[in-house]
Every structure is written in structure tokens, then in C-alpha cells.
Amino acid sequence: MSCLALSLQPVNGSDILLQTREWFPPARALVALSAFRLTRFSYSKPSAASSAAAAADPDPSSSSESIGDDPLAASGGQVIVGVESRYRVIYRLVNSIYVLGITTADQDNSVNVFECIHIVNQAVSVVVAACRGVDVTPEKLGRKYAEIYMALDIVLRGASSIRLAAMLSSMHGDGIAKLVHSGIDTESKIRGADSWAGVEVHSAERLAGIEVFASARFEVPPETLEAGDEVVATIAPVTQIEQSDSQDTKGEEEESEGPKDPFAASDALNKPEALVSGFKKNRDPSATDLTLALVGLEVTTLPPAEATQSTHIGVEGFEGDYGGIEFGNEQASLGETFEGFGEAWGGGLDPSEFVGPKNAAKPQGLGGLEFLGTGEGGAAKAAVDKAAEGKAGEGTPLENLLVKKTEMKGPEMYVSEEISAEFRESLVARVGLMGAVYLRTLPPKTAGDKETEFSFRVDGTSAVKRFVMQSSRVSSLGNGLFHVRTAPSDEPIPILKYSLLPRLTPLPLRVRLTKRHSGTLLSVMIQYASNPELPAPLHDVTFILKLPVDPSLLKVSPKAMLNRSEKELKWFVPEIPLNGAPGKLRVRMPVDTSAEEGDEEIEVVGYVKFSSQHTSSLSGVCLRPASEGNTDFYEVNHKYESGVYTCN
């Protein structure tokens with residue numbers, strides 16, 4: 001990817017022309033042009049001030065200092081503009097017109113800057129040819145606007161020097177069609193290539209010849225075949241043995257062709273016994289070589305004699321000979337030696353002698369966990385409870401002893417939201433809420449291959465900035481109605497995602513961080529207050545304070561947990577009431593630098609983590625059936641949690 005856009009911008013005035021690639025939005029190109037114009041103006045302000053000073057001061061030395069104050073007034077160069085989206089602008093100044101090429105300012109060498117410079121130089125050639133010289137003005141560009149527009153479109157997509165010369169020669173006098181279409185034929189003629197009109201005939205003839213030869217069939221006459229057999233016979237004469245073999249095979253084939261009596265006696269009964277005549281003599285000398293016959297034979301090497309001897313063990317209680325191989329002649333025959341190994345289980349052993357035919361009954365219970373009672377007499381009490389359970393309900397499965405999971409009656413939907421906020425002192429610097437609508441279908445074991453399909457409505461979307469849906473599963477019906485169709489899954493499926501407007505985003509918790517640095521003591525206080533409009537108070541809230549140093553002494557109120565490796569201080573607040581007084585978390589510690597000596601302010605950042613579930617969502621988004629009275633799905637508790645919730 002080299003050049004994304006070309007533009008003509010006068011020194012004073014609005015842009016004259018903008019030509020972009022298909023995938024590059026013109027709005028981004030206009031942003032880059034505006035940033036380039038602001039960059040020119042910012043660079044030219046010192047130059048204007050110095051020129052005014054030179055006019056007031058007749059000293060020639062002061063006027064010489066203002067030369068070159070405007071770096072973009074040179075004949076050409078490049079500059080990087082933009083803040084969030086950065087672009088590289090290659091420019092050429094022709095008279096009072098800037099010819100600009102816009103590309104991305106990547107640092108991974110994915111942009112060929114030299115190719116972009118080459119395209120800008122070609123655009124300068126087009127502009128100079130259209131104005132018949134370097135005296136380029138907006139009025140002259142307006143007279144040849146259509147030709148310049150089409151020529152820059154071709155140059156932006158890549159044009160060779162041959163085609164560029166053809167376009168420049170047809171800029172004046174010829175039409176735009178000649179300018180656009182004549183370049184290809186001209187390039188072909190200069191390179192010595194034939195035109196398609198002249199080559200098309202040969203292509204048609206070739207395709208016709210292929211069809212003719214593909215459908216052709218050839219039959220060789222029998223005279224030609226007989227003549228070929230005679231030539232073969234003269235080249236390779238047939239031996240008498242092969243002829244006799246062929247005659248024998250012919251006789252056998254003739255006999256096999258005739259009808260046979262299925263109850264007739266075999267001809268082998270009447271043949272004399274002949275052994276030698278049944279074998280053919282082989283004159284190959286390698287047949288008598290025994291080494292060739294033993295090439296593929298593998299012989300297993302026997303272990304040494306020491307390996308066959310047993311080892312005597314003299315340990316008390318374990319005396320005897322162990323190991324070794326003993327050969328005996330007690331067995332009468334080979335069949336008696338391996339008798340029993342052909343039966344089932346390798347020796348006639350019945351498995352029921354060692355293992356019962358049925359699985360052993362396992363005792364009910366939690367595998368000993370029921371005896372882990374706390375306090376005195378806990379084990380005895382657990383044993384009594386276990387005996388009572390065994391009498392009351394024998395055969396009760398293990399799942400019934402644990403907490404029973406509620407069975408799903410149908411598809412369930414809920415909203416999961418994540419809110420992030422940044423507080424500076426007591427002011428909200430940034431805030432954002434991202435939400436997602438999840439669908440939990442019936443498990444595949446229950447639903448089988450049946451798809452989940454229903455329609456629903458989303459209400460309370462007045463504060464929503466943007467909705468994004470998973471088009472493979474959800475389709476929009478308009479007016480807040482959606483239709484979902486998906487296969488069953490074990491995991492919840494996100495089908496909709498949305499974000500809220502920052503000014504309409506509710507804050508569940510307001511946080512303020514205040515720090516005081518007096519002498520070598522640093523005091524930090526975090527104040528927090530809950531939103532009284534929350535559906536339920538927040539529980540189990542964690543406050544994390546990043547400390548600037550690893551403190552040697554620390555004084556906190558209330559109690560907190562210190563992590564020295566991470567330099568963190570954590571407070572756990574069980575519950576924050578909705579209408580209660582603001583809470584306070586305070587800490588004091590000594591630091592290395594004093595307030596008078598330290599030039600830089602000590603940075604202290606606090607983080608908040610919380611999560612909650614309720615029947616209503618934090619943003620007010622709710623899910624309803626498409627029509628009243630339908631129970632296509634069940635709306636369960638919604639969730640919201642903190643993302644990046646900081647204060648500094």
C-alpha cells in the first residue's frame with residue numbers, strides 16, 4: 001500500500017481536487033488535508049512575525065534571519081500530520097499550488113515512500129502539461145478539470161512511463177475517451193506486442209483444432225497389424241521352448257473352451273507318474289548359489305551362556321535361586337508342553353474365581369467429607385447424620401446430596417454490562433459502558449438437534465449510542481424487534497452488543513482521591529459514595545491503591561492488606577449502602593523525598609473492583625417478548641461489573 005489519495009491545494013484558498021482509492025474514505029483524506037493546512041499555517045506564523053520585524057527594523061541582518069522560516073515553502077518534501085490518526089503527506093509546490101500525496105505513517109516499513117513520491121511526481125507532470133507550463137493557477141486548472149481528474153485517477157492506480165507519456169500527449173486536442181483508453185494500446189505497440197484483434201483469430205483456430213482432434217477416432221486395418229507382427233518376429237525370434245509353451249497353453253485354452261461334463265473323471269488319473277518331466281531346467285547360475293537364498297533370512301541371536309544361569313539369593317527368609325532359563329525334558333511332546341494355552345484366558349482360568357460377576361456396591365456418602373465437621377463432636381454428629389440418611393433413603397444418588405441445580409424450562413436471556421470510569425479529584429474525566437445481551441439455550445443433551453428460534457424486543461434504549469448484532473444468529477425486524485435462530489450450545493452466546501452515550505451513562509459509585517505531601521509524610525484519602533438510584537446496594541467492593549514506594553512504616557484506617565511485591569494496598573468493603581454517608585479510606589506513609597525538595601508530584605492511583613446481579617440492568621436496557629403473553633424465553637438476573645474504574 002503506497003499512495004492513498006492525491007489532492008491539489010492552493011496556498012491561499014480551498015482545495016481544488018481530491019482523488020482517493022476505493023478503500024480509503026474521503027473523510028479521512030479531508031482530515032489529513034486540513035491537518036496539513038494547519039501545519040503550514042503554524043510553521044508560517046514565525047515567518048510572518050519575523051517579516052514584520054524586518055519591515056520595522058531596516059537592519060539587513062534581521063531580514064536575513066527570516067529566510068527559511070517556512071519549511072513547507074520549499075519545492076518538495078514530506079511531513080507527518082494528525083494526532084490520533086497520523087498520515088504522511090508528500091508535497092510538491094508548483095507555482096502557488098501544492099500537489100499532495102497522502103499515505104499512512106506506519107513504522108513497520110509496510111509503506112513504500114519512494115513509490116508514493118513517484119506517484120506525486122507523475123501528478124506534477126499531469127498538472128504542468130494541463131497548464132502548458134509551470135505557471136499553474138487555479139483558473140487554468142479549472143479549464144482542464146475533467147482531463148486532470150481522469151489523469152490523476154489513472155496515476156493514483158499506477159501508470160507506467162509509456163502510458164503517462166501517451167496521456168500527456170493527448171491532454172490537449174483529443175477527447176477524454178482517447179486520454180483514458182488509448183494508453184493501453186500505445187503501450188502494447190511500443191513494447192512490440194500484438195493487439196488482441198490480430199491474435200483472436202489464431203486463438204479461435206487453435207480451439208477448433210483441439211475440438212477436431214479430441215473427437216477423432218483412428219482404426220488400423222488388419223493388413224497393417226499383420227505386417228507389424230512380421231517385423232517384430234524378425235527383430236526378436238521366438239525360442240522353441242516358448243513356442244511349445246504357447247502351444248500347450250493354446251491346447252489348454254481350446255479344451256477349456258469346449259463343453260465339459262461335470263461328472264466326468266479327472267484326466268490326471270490316466271497320466272503316468274512323472275516327476276522329472278514336470279520340472280523345467282533353469283540355466284541361471286545364480287539359482288545354485290545358497291548365499292542368495294539366505295539373504296532375506298533373519299536369525300535371532302541367542303543370549304550368552306551367563307544369562308541362562310540363575311542367581312542365588314542368600315537373604316534370610318528369601319533364600320533361593322532366582323532368574324535364569326531352565327531347559328527340561330519332562331514333557332513328552334510339543335502338544336503336551338503347550339496344553340491349555342489354546343483355551344480361553346490363556347490357560348483355562350475362570351475370571352469369576354477372582355472377580356465377582358457383578359460390580360461391588362459402593363457405600364453412599366461424600367467419600368469421607370461428611371466426617372469433616374467443625375467444633376467438638378463434629379465427627380460424631382456427622383456419623384449420626386450419615387446413619388440417618390442411610391436408613392431414610394438408601395440408593396440416593398450423589399447429586400441429590402449436593403445443592404440441586406435448577407433445571408431450565410426454556411431459553412434464558414440476560415444482560416451483562418461493564419462500566420469504566422476515571423475520576424480526577426471529584427470530577428469525572430472519562431466514562432464508558434459496554435453491554436452485551438447473552439442467550440443461554442437448552443443444553444444439546446436436552447434439546448438435541450432442535451434449533452432455538454424466537455423473537456424478542458429490547459426496551460429502554462434511549463441512552464444507547466450504538467447497537468451491534470451477531471448477524472449469523474440474529475436479524476433485526478425494526479422498531480427494537482429482533483429474531484434469533486441458533487443451534488443449542490452449552491455456553492452462553494452473545495447475540496447483541498451496545499454502548500451508551502457518555503453523558504447518559506449512570507455511575508454506580510463516585511470516588512474521590514485526595515493526597516497531601518507534607519515534609520516526608522504522604523497522606524492519601526479515598527472517599528466513596530454509592531448512587532442512590534441503584535436497584536440494590538453494592539457488595540464485596542475492592543479498593544486498590546498503587547503506592548509510589550514500598551513503605552517501611554504504614555498507618556491505615558480501616559484495616560487493609562499490603563502486597564509488598566506489587567506495592568498495592570487493598571481494602572475490602574462488604575457493603576456500600578445506597579443512602580449512607582460517604583465512606584473514607586485513609587493511609588499515611590513516609591517517602592524518600594520531602595515536599596520542598598521534590599520537583600515532580602508523587603503519582604498515586606486508585607482502582608475499584610465490584611460486580612453485582614439484579615433483575616434490572618444498570619443502563620435500563622430490558623428484554624421483553626415480541627408480543628405480550630408469550631413465554632418464548634425467560635429473563636434471568638442481569639449482571640454489571642467494573643472495568644477500568646480509577647481515581648487519581
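Values below: all heavy atoms of this structure, side chains included; hydrogens, waters and symmetry mates excluded.
- Between Met469 and Ser476, the closest side-chain pair of non-hydrogen atoms falls below 4.5 Å.
- Taking the six-membered ring for Trp and the full ring otherwise, the centers of Tyr87 and Phe36 sit at least 6.0 Å from each other.
- Donor-acceptor pairing under 3.5 Å is lacking for the side chains of Arg424 and Asn648.
- Taking the side chain as every heavy atom from C-beta outward, Val437 and Phe482 never approach each other to under 4.5 Å.
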* Step-by-step side-chain contact (heavy atoms from CB on, under 4.5 Å) determination, Asp15 to Arg37 -> CA-CA 10 Å; Asp15 299 337; Arg37 188 189 303 276; 2.6 Å; yes

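- Between Asn563 and Ser565, the side chains place a donor N or O and an acceptor N or O closer than 3.5 Å (distance only, hydrogens not considered).
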Show the atom names and distances, to 0.1 Å, of all donor-acceptor pairs under 3.5 Å that link a side chain in residues 538-552 to residues at least two apart or in another chain.
unit_1: Lys546; atom_1: NZ; unit_2: Glu568; atom_2: OE2; d: 2.6
unit_1: Asp550; atom_1: OD1; unit_2: Arg564; atom_2: NH1; d: 2.8

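- A salt bridge links Arg624 and Glu635; the closest N-O separation between the charged side-chain nitrogens and carboxylate oxygens is under 4.0 Å.
- Within 6.0 Å of the CZ atom in Arg457, the count of heavy atoms belonging to other residues, nucleotides or ligands exceeds 12.
- Under 4.0 Å is where a charged nitrogen must lie from a carboxylate oxygen, and between Glu418 and Lys639 no such pair does.
- In this structure, a donor-acceptor pair under 3.5 Å is absent between the side chains of Ser7 and Gln19.
- Checked by atom type and distance alone, the side chain of Ser499 never pairs as donor or acceptor with a backbone atom of Lys465 at under 3.5 Å.
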